[in-house]
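Note that the coordinates shown come from a computational prediction; the quantities given were computed from them, not determined experimentally. Throughout, protein chains are lettered first and strands after them, A, B, ... in sequence-line order, and every chain is numbered starting at 1.
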Amino acid sequence: MNDMRIVERTVSTDTAKMTARRAQVYYGDNHALKDVDVDILDKTVTAFIGPSGCGKSTFLRCLNRMNDTVASARVMGEIKLDGEDIYDKRVDPVVLRAKIGMVFQKPNPFPKSIYENVAYGPRIHGLARGKAELDAIVETSLKKAALWNEVKDRLDAPGTGLSGGQQQRLCIARAIATSPEVLLMDEPCSALDPIATAQVEELIDELRSQFSVVIVTHSMQQAARVSQRTAFFHLGHLVEYGETGQIFTNPKDPRTESYITGRIG
Amino acid sequence: MSVGLISLIVLGLAALGFFLGRQKALSSVKGDARLLHSLPSYYGWSVALFTAVPAMLVMIVWLFVQPTLLETQVASTIPAENIAASGNISLVMADVRRIADGLDLVAARAGLDEAGIDALRADFSDLRGRLAEVGVALGANVDGAILAAAKEYRTYSNSLRLGMSVVVLLAALIGAGFAWMRISPDLRARNLVEQFTMALLIGCSLIAVATTAGIIASLVFETWHFFQLYPAKDFFFSLTWNPQFRGGSDLGLWPLVWGTMYVSFISLVVAVPIGLMAAIYLSEYASPRMRATAKPLLEILAGIPSIVYGLFALVTVGPLLRDWIAGPLGLGNSSSSVMTAGLVMGIMLIPYVSSLSDDIINAVPQAMRDGSFGLGATQSETVKRVVIPAALPGIVGAILLAASRAIGETMIVVMGAGAAAQLSLNPFEAMTTVTVKIVSQLTGDTEFASPETLVAFALGLTLFCITLALNVLALVIVRKYREQYE
């Protein structure tokens, strides 16, 4: 499987889309994330791996300020998008989240029609002038999410009536309808069966041509299959970050090696 | 033996049965509880339940049947001319019962035994005087035949009571014996107790259903009586409500229904937006500390009796509206008005709407909000486009509950809107509602069998149908438009 990846890796660029320096997160008194430095590259899939509770989802939620919705959470340190601090007072988190889309662990389509689910983001941000443009956005998003052919005849059916894998692809379509620059995915396949997982992974690989994708996953195989860069978190620390092939074949830190060979976690 | 004493004995037997049953179960496996199918206490419970439940059921049935048996038995001994003299068998029986009770008291005071009571004679013993001494006042001297009937009543009642004691205790003992005999290590006592629990729960829910059916039946029955005396056409299509004590009343439904609808509408216009927004603030925006303080405070409003709101309407809101709004605008000079009652009732309903809606909004999964925030929606956009649509069925339910309360409310309307039945669009005029008129018609001086009184039942049934229709309508709407999450 490594050969496949090496071919793909040539596509990736070296410009950093997002950078984090000494990022800290506290939940109340609990220091959940300690001194994380990461550069997330443009048009690259970055995987965060690590045992449960290691802070990888917490860090992901810092990247689009979703932690703002948790009352007890405090974020410190510096996280930049295109060189601008996203925790600066002048930055509107609402606008930021439109630029940095998010897909959650459990598919969470709104209890609305498939069309309305995808049109939600464009509607609230006024991205479409008129019905025709909105229709076009919905169609391209669903096509990008590889869902169009399955749902084009029933766009008015409720999104909650789709299968689990379809729901997750609907959520991805919903996220890319606002044309984000970064797409964050928090264990997007953990509630899906292997076939749906394969479809979503294929999709992630296609999305890489348009934006950077950050994916949190518990499956090391998945990280190896879809990502070009991998970060290993352990107990709130970023232990090792680097090129995926190197992390899995030649880890520098003994903790990384223990984790990927199954000794801790 | 009295009912209370019998119940105590049965419960005592049940308790004894519990220990004996438990004992027998344990001794049947030589104290090793692991060999039993169920925990030892379940065996105890199976005996206790078999002791108490059939016995209590027998007692309840007996208590229902006993009066009827007694009456028919005693009534047959009363001569026809006594019945003719008082005009009605039930009046004679009432006398018989009172004399029978009085005899017990006389006997207790004078220390008479059964033979002494038997010796009392209507013409010699000054029975009326002696009964008056013990607090039983009679309208006339006691007739010989009635006294005989009263004595008969006493003896028969005593023997029936004795019979009941024997039968009930026998039922308890048979039940206990049967259950005790059945105990063996293989008896599925746990399943027995489970089945009994289910039967108990079914029984309780049946009581609620049966009561509703009973209420409807009594309403329908009396309404039917009303329509025998008063033409249904006039009730349903006349636009005047003008009851007269001497008869010849106009009992048109519409002024009352209009008043009810008008007052309820105003109160909902007040309560629904305010209550809903308060609920949204509490569940979506407020900090946990704020919520913990504000929600109970808001719910205190729900605990204030409606008569207190009525006073508030009468002395504060009514005059205020009259002096500052209705008067200057030339809309009327009455301090009781639909607006007064509607506003105050609206305030009363705010906590109903807000408290229920708050719980419902909280039940919307956090994943829905995360999804919306993750797309860059603001909090109010999320509430408007995701949370409220998802919570809609419950919110409609809360509003309906508030509407039912508004339609059924009486006190605030009496004190706020007055008692004048009229059809008018002006919200500053006094009007009245169906519930107020039900009260005033039933508490009037007219005889019970007159249409002026019976109309209350027809009004009640109408109200019941209106609320039922509202509920059905809301169910249909909710089913059509709900956005179901998971």
Side-chain angles (χ1 to χ4, degrees), chain A residues 60-61 63-72 92-113 116-127 141 158-161 164 167-168 170-180 183-186 191, chain B residues 280-295 357-398 475-486:
Chain A
L60 192 77
R61 290 169 66 92
L63 295 178
N64 69 342
R65 295 188 61 175
M66 276 299 277
N67 276 333
D68 291 14
T69 62
V70 180
S72 65
D92 182 358
V94 170
V95 176
L96 178 81
R97 286 185 206 132
K99 277 198 252 175
I100 305 179
M102 187 157 194
V103 175
F104 297 85
Q105 182 172 2
K106 215 173 136 206
N108 60 344
F110 300 133
K112 300 177 183 293
S113 70
E116 284 301 321
N117 261 286
V118 183
Y120 186 86
R123 267 195 219 276
I124 57 178
H125 297 295
L127 297 183
S141 308
T160 42
Q167 286 191 10
Q168 194 61 302
L170 178 62
C171 292
I172 294 172
R174 188 174 72 181
I176 58 189
T178 53
S179 4
L183 189 60
L184 309 178
M185 304 178 120
D186 190 353
Chain B
I280 290 171
Y281 171 72
L282 282 180
S283 58
E284 298 290 316
Y285 288 86
S287 65
R289 261 184 62 198
M290 179 70 189
R291 190 179 137 84
T293 329
K295 207 179 174 203
S357 309
D358 175 58
D359 291 342
I360 291 151
I361 291 173
N362 264 324
V364 175
Q366 183 62 26
M368 296 289 126
R369 296 186 187 94
D370 282 349
S372 177
F373 291 142
L375 288 168
T378 62
Q379 196 137 31
S380 70
E381 283 164 348
T382 304
V383 168
K384 194 173 71 186
R385 289 167 179 265
V386 176
V387 178
I388 296 291
L392 196 65
I395 291 174
V396 171
L475 266 183
V476 171
I477 293 174
V478 165
R479 199 163 293 172
K480 195 161 176 195
Y481 292 104
R482 80 151 125 210
E483 293 189 343
Q484 201 169 16
Y485 49 87
E486 291 169 326

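Of the charged side-chain nitrogens involved, none lies within less than 4.0 Å of a carboxylate oxygen, so that A/Lys106 and B/Asp370 do not count as a salt-bridged pair. By the 4.0 Å N-to-carboxylate-O rule, A/Asp186 lies too far from A/Arg61 to be salt-bridged with it.
In this structure the side chain of B/Phe373 never reaches within 4.5 angstrom of the side chain of A/Asp68, judged on heavy atoms. At a threshold of 4.5 Å between non-hydrogen side-chain atoms, the residues B/Ile388 and B/Ile280 count as touching.
In this structure, the portions of B/Ser372 lying under 4.5 Å from any heavy atom of chain A include both its backbone and its side chain. Only the backbone of A/Pro109 comes within contact range of chain B, judged by heavy atoms closer than 4.5 Å. For A/Ile100, the part lying near chain B is the backbone, with the side chain staying farther off; criterion is any non-hydrogen pair under 4.5 Å. A/Arg174 touches chain B through backbone and side chain together, each having a heavy atom under 4.5 Å away.
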